[in-house]
Every structure is written in C-alpha cells, then in structure tokens.
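As structure tokens, the structure follows; a few thoughts come after it.
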Amino acid sequence: MINKNLPQNLSRADKILVVLYKLSKGTTKNLHYEDIVVSLFKEYPKDFAMRGYPKYPDPEGVNKAFYSGK
C-alpha cells in the first residue's frame, strides 16, 4: 500500500531516510532492521520488493541500499 502522503519521486537513499524519520518520529529512537525493511516495502513496494516475488520485501536489497547510500 503506497502512502500518498510520502514523496514518491525520491532516490532509494532518500526513501530510506524518509522511512527512518517516520519510524523514529524525528527522534534518536533505536529501530529494528526488520521494521525498517517492512516499512520501506509498505511505503515503496516497487523499490523494495524481492526480485521475482513482488508481494514480499527484499531485505538484501534494503541492506545494499542502506549501506551503499544508493
């Protein structure tokens, strides 16, 4: 389900930052990696779905995007 309130025309790195901010509510709260992966998939399913399985999040793709900044 795409949240129409979140910007859609961002880079993958920017989408990660948006979701991190949303999950943390703008604080320095610690977040669980699994929550980040699921939230990214829910907000941006086309960008963070598992290749060949569009109904599932891709934790490896999130990990690569998260640590490479791309």
Requested in this report: May I ask you to decide if Ser24's main-chain N or O and Thr27's side chain share a donor-acceptor pair within less than 3.5 Å?
Outcome: yes
Report task. Determine the minimum heavy-atom distance between Val37 and Pro59, stating which atoms define it. Result -> CG1-CA, 4.0 Å
Report task. Answer yes or no: is there a side-chain heavy-atom contact under 4.5 Å between Lys22 and Glu43? Result -> yes
Query raised in the report: With sequence neighbours excluded, what pairs up with Thr28 under the side chain to side chain contact (heavy atoms under 4.5 Å, CB included) test?
Result: none
Query raised in the report: Taking Tyr53 for the side chain and Asp58 for the main chain, is one N or O donor matched with an acceptor at less than 3.5 Å?
Result: no
Query raised in the report: Do Val38 and Tyr56 share a hydrophobic cluster, counting only Ile, Leu, Val, Met, Phe, Trp and Tyr and linking them when any side-chain heavy atoms are less than 4.5 Å apart?
Result: no
**Report entry** Expected output: side-chain Arg12 to main-chain Gly61 donor-acceptor under 3.5 Å
**Finding:** yes
Query raised in the report: Is Ile16 reachable from Leu31 through a run of hydrophobic residues whose side-chain heavy atoms are each under 4.5 Å from the next?
Result: yes
Query raised in the report: Considering residues at least two apart in sequence or located in another chain, which fulfil the salt bridge (charged side-chain N to carboxylate O under 4.0 Å, His left out) criterion with Asp47?
Result: Lys15
Query raised in the report: For the residue pair Leu40 and Val19, what are the closest heavy atoms and their distance?
Result: CD2-CG2, 3.6 Å
Query raised in the report: Same cluster or not: are Leu10 and Leu20 linked, directly or through other Ile, Leu, Val, Met, Phe, Trp or Tyr residues, by side-chain heavy atoms under 4.5 angstrom apart?
Result: yes
Query raised in the report: Nearest heavy-atom pair of Ala49 and Pro54: which atoms, and what distance?
Result: CB-O, 3.8 Å
Query - Nearest-0.5 Å distance, NZ of residue Lys55 to CZ of residue Phe41 - result: 10.0 Å
Requested in this report: Considering non-hydrogen atoms only, spot the tightest contact between Phe48 and Val62 and give its length.
Outcome: CD2-CG2, 3.6 Å
